[in-house]
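To start, the structure itself, in structure tokens.
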Amino acid sequence: MGACLGVCSLLSCVSCLCGPASCLLCGCCPSARNSTVSRLLFTFFLFLCTLVSIIMIIPGVEKELYKLPGFCEGSGSVLGVQVHADCSGFLGHKAVYRMGFAAASFFFLFAVIMVCVRSSKDPRAAVQNGFWFLKFLVLVGLTVGAFYIPDGSFTSVWFYFGVVGSFLFILIQLILLIDFAHSWSQLWLRNAGEGSAKGWYAALCAVTFIFYAASIVAIVLLYVYYTKPQGCTEGKVLISINLILCVIVSTMSILPKIQDAQPHSGLLQASLITLYTVFITWSALANVPNQDCNPTLLLRNSTGSAEAAQPLTTWWDAPSIVGLVIFILCTLFISIRSSDHAQVNKMMLTEESGAGASAVDAVAAESGVHRAYDNELDGVTYSYSFFHLCLVLAALYIMMTLTNWYRPDESLRVLSSPWTAVWVKICSSWAGLLLYAWTLVAPLVLPDRDFS
């Protein structure tokens with residue numbers, strides 16, 4: 001009898017995945033907003049693709065990929081040049097690119113389908129919020145098809161798609177980080193005004209000190225390991241420029257005029273932005289294609305062929321691991337919550353805290369039924385298309401992160417780190433600092449607008 005009940009419960013959960021807008025109807029889903037559940041499930045699909053990509057670049061698994069029919073034919077072309085080479089040296093690289101293509105195609109498909117959906121009354125909203133098992137099958141089908149894409153110039157062309165997408169996703173990360181820093185500071189200052197002021201101010205100072213101390217230590221290490229007394233001019237210049245810019249924005253955050261216009265601005269936000277800028281600088285220097293100036297350059301940069309005597313190294317390095325953690329946090333942030341600031345919500349096309357949503361939440365809480373409820377009858381709480389475009393960019397970013405932004409040369413034997421990766425990351429750090437500086441001076445430049 002217990003087994004029968006277990007089977008029935010399992011079948012009810014399966015029906016929750018297969019029906020149209022099923023999470024609105026079945027009791028196996030948690031009590032939550034339908035919009036939040038849908039975003040989390042799409043994010044789960046992205047994490048699943050990421051997990052598969054990570055597995056495929058594990059050295060033991062990578063060596064077995066050549067068994068896939070047609071995946072490593074031993075010949076192909078790069079930039080239109082026909083070559084004959086053993087491609088087993090970078091099978092993991094090829095696999096991650098094809099997983100990235102499948103994931104990006106999947107989310108781009110939904111971004112196109114969901115254009116101009118205004119409420120859950122639109123029939124397309126049922127596709128957004130239901131049919132999860134069918135969506136999974138579509139993703140699997142795209143993944144299988146991606147592995148049959150001929151080499152040709154696919155890797156070279158898709159590399160530039162990844163570069164552009166990663167640059168845009170880094171900017172999204174910076175926007176979310178700046179918003180998080182402002183919300184964090186405002187929350188602690190508000191708590192200080194309502195309760196034990198000394199305790200909250202002490203915590204604020206302690207966290208700020210830790211962030212700045214970590215940034216200073218990291219900058220010293222960058223000078224020690226990524227520069228030399230003679231040479232490595234690029235590294236010295238890039239580290240010094242970002243150090244100067246971080247000092248400038250930190251000073252701006254505590255200027256009297258800035259404080260008068262934005263009482264909540266301060267060194268906590270500046271310290272967090274500084275720490276993230278140092279990380280981006282580190283990640284950029286880890287892609288400098290010069291072994292003398294980049295001790296963390298992976299062995300695949302010089303011994304990419306399967307005939308090399310040295311064993312294939314893993315793709316993982318410290319910047320990639322930190323980048324993966326930030327990627328997970330940012331995608332979860334996009335999926336779970338909206339900003340406390342109207343300007344960021346407008347930019348990210350989210351309106352999670354509307355009055356209509358609050359009324360629906362109150363009704364759902366009174367009902368006591370544990371299921372996902374529709375909170376978008378009067379209007380969607382986020383742009384479906386923009387959310388999927390963010391996941392497209394996230395898929396491209398994680399594809400580039402897992403492959404360390406490396407690309408094969410024309411001989412298909414060497415995977416090298418191009419200067420393109422260095423400049424994209426450095427430019428994104430400059431754009432982030434400029435954006436943070438704008439959030440500080442905007443109330444002074446545009447005094448008629450509300451920046452509260």
Side-chain angles (χ1 to χ4, degrees), residues 17 38-73 87-111 131-151 154-155 158-159 161-163 165-166 169 298 300 312-317 319-332 334-335 387-408 415:
L17 297 175
S38 296
R39 282 182 286 181
L40 284 175
L41 288 173
F42 275 114
T43 303
F44 170 76
F45 282 166
L46 178 60
F47 287 169
L48 184 63
C49 292
T50 303
L51 178 61
V52 173
S53 298
I54 292 173
I55 292 174
M56 287 183 173
I57 58 176
I58 296 175
V61 177
E62 181 182 4
K63 293 178 182 179
E64 301 298 320
L65 291 177
Y66 76 92
K67 296 180 181 179
L68 294 176
F71 190 54
C72 183
E73 297 290 353
C87 64
S88 58
F90 54 93
L91 284 175
H93 184 279
K94 293 178 61 176
V96 172
Y97 265 51
R98 279 153 177 77
M99 281 300 306
F101 176 81
S105 300
F106 175 78
F107 295 118
F108 183 76
L109 174 65
F110 279 94
F131 301 102
W132 295 106
F133 184 69
L134 295 179
K135 291 174 185 174
F136 176 74
L137 293 181
V138 170
L139 180 58
V140 171
L142 288 172
T143 302
V144 173
F147 276 81
Y148 285 93
I149 297 176
D151 276 334
F154 170 78
T155 301
W158 197 239
F159 170 83
F161 275 90
V163 167
S166 299
F169 187 73
L298 296 182
R300 290 177 186 261
L312 294 176
T313 60
T314 180
W315 287 104
W316 291 109
D317 60 0
S320 297
I321 295 174
V322 177
L324 178 63
V325 173
I326 295 175
F327 154 79
I328 293 174
L329 295 177
C330 285
T331 48
L332 287 176
I334 294 172
S335 303
F387 171 71
H388 288 296
L389 287 177
C390 287
L391 294 187
V392 170
L393 300 179
L396 294 174
Y397 171 80
I398 198 61
M399 177 188 77
M400 300 302 291
T401 299
L402 293 180
T403 57
N404 291 98
W405 298 65
Y406 285 14
R407 58 178 300 185
L415 286 168

Closest non-hydrogen atom pair, [X] against [Y]:
X	Y	value
Ala95	Met56	CB-SD, 3.5 Å
Phe107	Phe42	CZ-O, 3.6 Å
Trp405	Ser166	CH2-CB, 3.4 Å
Ala104	Trp158	CB-CZ2, 4.1 Å
Ser53	Met99	OG-CB, 3.3 Å
Leu139	Ala102	CD1-O, 4.3 Å

When rounded to the nearest 0.5 angstrom, what distance separates [atom1] in [X] from [atom2] in [Y]?
X	Y	atom1	atom2	value
Phe110	Leu391	CZ	CG	11.0 Å
Thr401	Leu324	OG1	CG	7.5 Å
Phe161	Met399	CZ	CE	10.0 Å
Leu393	Cys330	CG	SG	12.5 Å
Phe159	Leu396	CZ	CG	12.0 Å
Leu40	Leu332	CG	CG	7.5 Å

Side-chain donor-acceptor distances from residues 43-50 under 3.5 Å, at least two apart:
{"from": "Thr43", "atom 1": "OG1", "to": "Arg39", "atom 2": "O", "distance (Å)": "2.7"}
{"from": "Thr43", "atom 1": "OG1", "to": "Ser335", "atom 2": "OG", "distance (Å)": "2.4"}
{"from": "Thr50", "atom 1": "OG1", "to": "Leu46", "atom 2": "O", "distance (Å)": "2.9"}

| Does Ile328 offer a backbone N or O that forms a donor-acceptor pair with the side chain of Thr331 under 3.5 Å? | yes

| said: Tell me if a side-chain donor or acceptor on Arg98 pairs with a main-chain N or O of Thr143 at a distance below 3.5 Å. | reply: no

| query | Between Phe101 and Tyr97, is a ring pair (Phe, Tyr, Trp, His ring centres under 6.0 Å) present by the stated rule, with each step listed? | reply | CA-CA 6 Å; Phe101 176 81; Tyr97 265 51; over 10 Å; no

| field | Sub-4.5 Å side-chain heavy-atom contact between Phe106 and Val138 | value | yes

